[in-house]
**Student:** 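Take this structure, written in structure tokens, and hold onto it; I'll ask about it next.
In what follows, every heavy atom counts, from backbone to side chain, and hydrogens, waters and symmetry copies are set aside. Chain identifiers are assigned alphabetically (A, B, ...) following the order of the sequence lines, protein sequences preceding nucleic acid strands; residue numbering begins at 1 within each chain. Here the structure is a predicted model, which is why all the values come from computation and not from measurement.
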Amino acid sequence: MDKKAVRAISPTREEDYPEWYQQVVKLSDMADRSPVRGCMVIKPWGYALWENMVHILDAMFKSTGVKNAYFPLFIPLSFLEKESEHVEGFAKECAVVTHHRLEKGESGGLVPAGVLSEPLVVRPTSETIIGDSFSKWITSYRDLPILINQWANVVRWEMRTRVFLRTSEFLWQEGHTAHASKKEAIDRTYMMLDLYEKFVQDYLAIPVIKGSKTPSERFPGAIDTLCIEAMMQDRKALQVGTSHFLGQNFAKASQIKFQSEDAIEEYAWTTSWGVSTRLIGGIIMAHGDDDGIILPPKVASSHIVLMPIFKKADEKTKVMEYTENLCKELMDKNYFGRSLAVEIDSREIGGTRGWDWIKKGIPIRVEIGMRDIKDNSVFVGRRDKDHKDKKSIRKEEFVSEITNILNEIQNTLFNNALSVRTKNTILIDDNKMFYDFFTPANIENPIIHGGFAMSHWCGNIECESKIKDDLSVTIRCIPFDSIKEKGNCICCGSSSDRRVVFSKAY
RNA sequence: CGGGAAGUAGCGCAGCCUGGUAGCGCGCUUGUUUCGGGAGCAAGAGGCCAGGGGUUCAAAUCCCCUCUUCCCGACCA
């Protein structure tokens, strides 16, 4: 590596964003590629981040009355066939288990032997198998609502994969609820979207736009799909959460019926909603800089690394003691529902140590040497500032201020992400301007361009697909707080009364 | 699945055109000197060159096939 390089990641975001992303994942020590196509190994540093998100979300779900449960990985093929739109949407990306036994083959290797009477689909999502359970659990309106969530892995055999953003197997949560009334189900759909918005903005420090999908972007089988969309630093959109109102479609497919107060047999109204490990990709692309990832403090794998500096053995004893005491003091502090997570890195490897932690995105780095002990202070670097911008702070002050410092970093990340989005969101009413906005100056080597175009859309699928065909730009959502005004469709010019978000997307 | 690029040590690469059985930088290990710090010196560990087949006395190198990864599309959380 070039010793004179000031930045830890090569290439920079500006030079080659996709390659920058790959390097950040690798150098942050969050994940490895797996021997299996399209899959990933989530390493402890990445998994800790996911666990923190899981704990927070789990508590948020439960506070709305949701209970956790677990449903099988394998879904009978016949279940998937029950909802016609659902099959169509997922059929192409299903992994299918057809055999249940391996035997020595003629050429020596193991070959599948026992053919299953009915092939099993590895869940791409669990509406159908959970629906089957719901149909057994629910007989009366008194059984409703039923509010279930499961933390699970799912498999979608994607054409093209990208670590965290689109892997063949990923971790997620899927919430599934059944209600006696349409209104209650719709309310739940919006409630969970609001919950996701709060989580992503308040904890991941990523600003989002809430809205509903156009019919062509809907979850297969849903009546309405709501989403939150975030802008990454390459100005592309990332859907970071979805909530679906499924109407009675899945209830009819799975026979989820109940007797109402009026003793009438009715189909239940269901919803489903989820977020996934894709959020980690979102954190990387929303907050990362040319030195690697920056972890939002509220969900960071760890908050602080203490790096003792010593020359001689007697110094080492003193410095280590001071370090360990500081560590205990810090770990006694509470930060958003958990103790501060503190790492002590006493490897004697010079400055490399500091850069390792910068690349891992830890919010706070603390250097502790004899000089600091003498002054009863610590030498503090923040991940949201330049790597050389380090300050000596009195130890007591550091300990008492630490949660404030973390909050400052959290706020900085949100504000920076918000200003990227604000800067690259524009109202466009002219067709040529729209096409120019989404066309890179050099097609051979497209640099970062585009953003969110807030433009009018007449509502016709023809216009939506023409823009998609021409520019690979899609309607990310119809925002709830869409500017209500008369205008003309950016594509065909017919009248429209609201703007939608157009963008390239992951 | 289409169109491009590429697979050689943990990472980044050279060697391939003109076949002779593997090298560099970083990292890693040990020693030593440094010391507010992406260190200096010395010694060392680590690769059936993605896999399979072929041509040849001899293949990382030439030919064929397969797989994988990355980028751009179609599909998606």
**Student:** Across the strands shown, which category fits A:L238 at heavy-atom distances under 4.0 angstrom: base, sugar-phosphate, nothing?
**Tutor:**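 Counting heavy atoms under 4.0 Å across all strands, no contact is made by A:L238.
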
**Student:** Have a look at A:T167 and say if it touches a base, only the backbone sugar-phosphate, or nothing, with a 4.0 Å heavy-atom cut-off.
**Tutor:**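 A:T167: base contact, heavy atoms under 4.0 Å.
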
**Student:** For atom C1', what is the distance between B:G4 and B:G47, given to the nearest Å?
**Tutor:** 29 Å

**Student:** Starting the side chain at C-beta, find the nucleotide from B:C71, B:A74, B:A77 nearest to A:M159.
**Tutor:** B:A74

**Student:** NA contact type, A:G38, heavy-atom cut-off 4.0 Å: base, sugar-phosphate, or nothing?
**Tutor:**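 Sugar-phosphate contact only.
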
**Student:** Can you find a donor-acceptor N/O pair under 3.5 angstrom joining the side chain of A:D356 to the base of B:G38?
**Tutor:** no

**Student:** If you check the A:T242 side chain, which of B:C11, B:C35, B:A77 turns out closest?
**Tutor:**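 So the side chain of A:T242 is nearest to B:A77.
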
**Student:** Could you check which of B:C28, B:G36, B:C76 has an atom nearest any side-chain atom of A:I349?
**Tutor:**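 Closest nucleotide to the A:I349 side chain: B:C28.
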
**Student:** Give A:E348 one of three labels, base, sugar-phosphate or nothing, depending on what nucleic acid heavy atoms sit under 4.0 Å from its own.
**Tutor:** nothing

**Student:** Give one of base, sugar-phosphate or nothing for A:F90, where a contact means two heavy atoms less than 4.0 Å apart.
**Tutor:**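 No contact at all - A:F90 keeps every heavy atom at 4.0 Å or more from the nucleic acid.
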
**Student:** Side-chain donor or acceptor of A:R166 under 3.5 Å from a matching atom on the base of B:C76?
**Tutor:** yes

**Student:** Using 30° and 60° as the class boundaries, would you call the ring planes of A:F438 and A:F434 parallel, tilted or perpendicular?
**Tutor:** perpendicular

**Student:** Using the C1' atom on both, measure B:G38 against B:U30 and round to a whole Å.
**Tutor:** 22 Å

**Student:** Go ahead and name the base partner of B:U32; Watson-Crick or wobble counts if both distances stay under 3.5 Å, otherwise write none.
**Tutor:** B:G40

**Student:** With a distance cut-off below 6.0 Å to the six-membered ring centre and an angular limit of 45° from the axis, does A:K390 pair with A:F379 as a cation-pi contact?
**Tutor:** no

**Student:** Please report the distance separating the P of B:G44 from the corresponding atom of B:G23, rounded so that it comes out in whole Å.
**Tutor:** 14 Å

**Student:** Students often get this wrong, so: under 4.0 angstrom with heavy atoms, is A:G369 touching a base, only sugar-phosphate, or nothing?
**Tutor:** base

**Student:** Within less than 4.0 Å of OP1 or OP2 of B:A77, is there a side-chain N or O belonging to A:Q173?
**Tutor:** no

**Student:** Of the nucleotides B:C70, B:C28, B:C76, which has the atom closest to the A:R33 side chain?
**Tutor:**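 Nearest to the side chain of A:R33 among the choices is B:C70.
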
**Student:** Under 4.0 Å, heavy atoms only, any strand: does A:K390 hit a base, just the sugar-phosphate, or nothing?
**Tutor:**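 Base contact - A:K390 has a heavy atom under 4.0 Å of at least one base atom.
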
**Student:** Where each residue is assigned the nucleotide of RNA chain B containing its nearest heavy atom, which of A:K26 and A:E158 is assigned the position nearer the 5′ end?
**Tutor:** A:K26

**Student:** Across all strands shown, which nucleotide pairs with B:C75 by Watson-Crick or G-U wobble geometry, both distances under 3.5 Å?
**Tutor:** none

**Student:** Determine, stepwise, if the pair A:F61 / A:M192 fulfils side chain to side chain contact (heavy atoms under 4.5 Å, CB included).
**Tutor:** CA-CA 8 Å; A:F61 296 153; A:M192 299 321 284; 3.5 Å; yes

**Student:** Closest approach to the side chain of A:T161, judged atom by atom: which nucleotide of B:G36, B:A77, B:C70 is it?
**Tutor:** B:C70

**Student:** Does A:D436 have any side chain to side chain contact (heavy atoms under 4.5 Å, CB included) partners at least two apart in sequence or in another chain, and if so, which?
**Tutor:** A:K432

**Student:** For B:U69 and B:U8, measure between their C1' atoms and round to the nearest Å.
**Tutor:**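 Looking at atom C1' only, B:U69 and B:U8 are 15 Å apart.
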
**Student:** It should be established whether A:R162 places a side-chain nitrogen or oxygen under 4.0 Å from OP1 or OP2 of nucleotide B:C72.
**Tutor:** yes

**Student:** Should A:T352 be listed as having a side-chain N or O under 4.0 Å from OP1 or OP2 of B:A39?
**Tutor:** yes

**Student:** Could you label the plane-to-plane angle of the A:H244 and A:F219 rings as parallel, tilted or perpendicular, counting under 30° as parallel and over 60° as perpendicular?
**Tutor:** parallel

**Student:** Which value, in whole Å, describes the distance between the P atoms of nucleotides B:C62 and B:U18?
**Tutor:**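 So the two P atoms sit 9 Å from each other.
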
**Student:** Among the candidates B:A74, B:C75, B:C28, find the nucleotide nearest to the side-chain atoms of A:R160.
**Tutor:** B:A74

**Student:** Looking only at atom C1', what distance separates B:C16 and B:A74, rounded to whole Å?
**Tutor:**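 That atom pair is separated by 36 Å.
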
**Student:** For B:G7 and B:G12, measure between their P atoms and round to the nearest Å.
**Tutor:**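 Their P atoms lie roughly 11 Å apart.
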
**Student:** For the C1' atoms, the ones on B:A60 and on B:A9, what distance do you get once it is rounded to whole angstrom?
**Tutor:** 14 Å

**Student:** Remember a base hit wins even if backbone is also touched, and classify A:M307 as base, sugar-phosphate or nothing at under 4.0 Å, heavy atoms.
**Tutor:** nothing

**Student:** Who are the side chain to side chain contact (heavy atoms under 4.5 Å, CB included) partners of A:D345, not counting sequence neighbours?
**Tutor:** A:V305, A:M307, A:R347, A:R353, A:W357

**Student:** Hey, does the side chain of A:K468 come within less than 4.0 Å of B:C75's phosphate (OP1/OP2), counting only N and O?
**Tutor:** yes

**Student:** Ion pair present between A:K210 and A:D194, side-chain N to carboxylate O less than 4.0 angstrom?
**Tutor:**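 Salt bridge present between A:K210 and A:D194.
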
**Student:** Output the single nucleotide from B:C70, B:A74, B:G36 whose closest atom is nearest the side chain of A:S472.
**Tutor:** B:A74

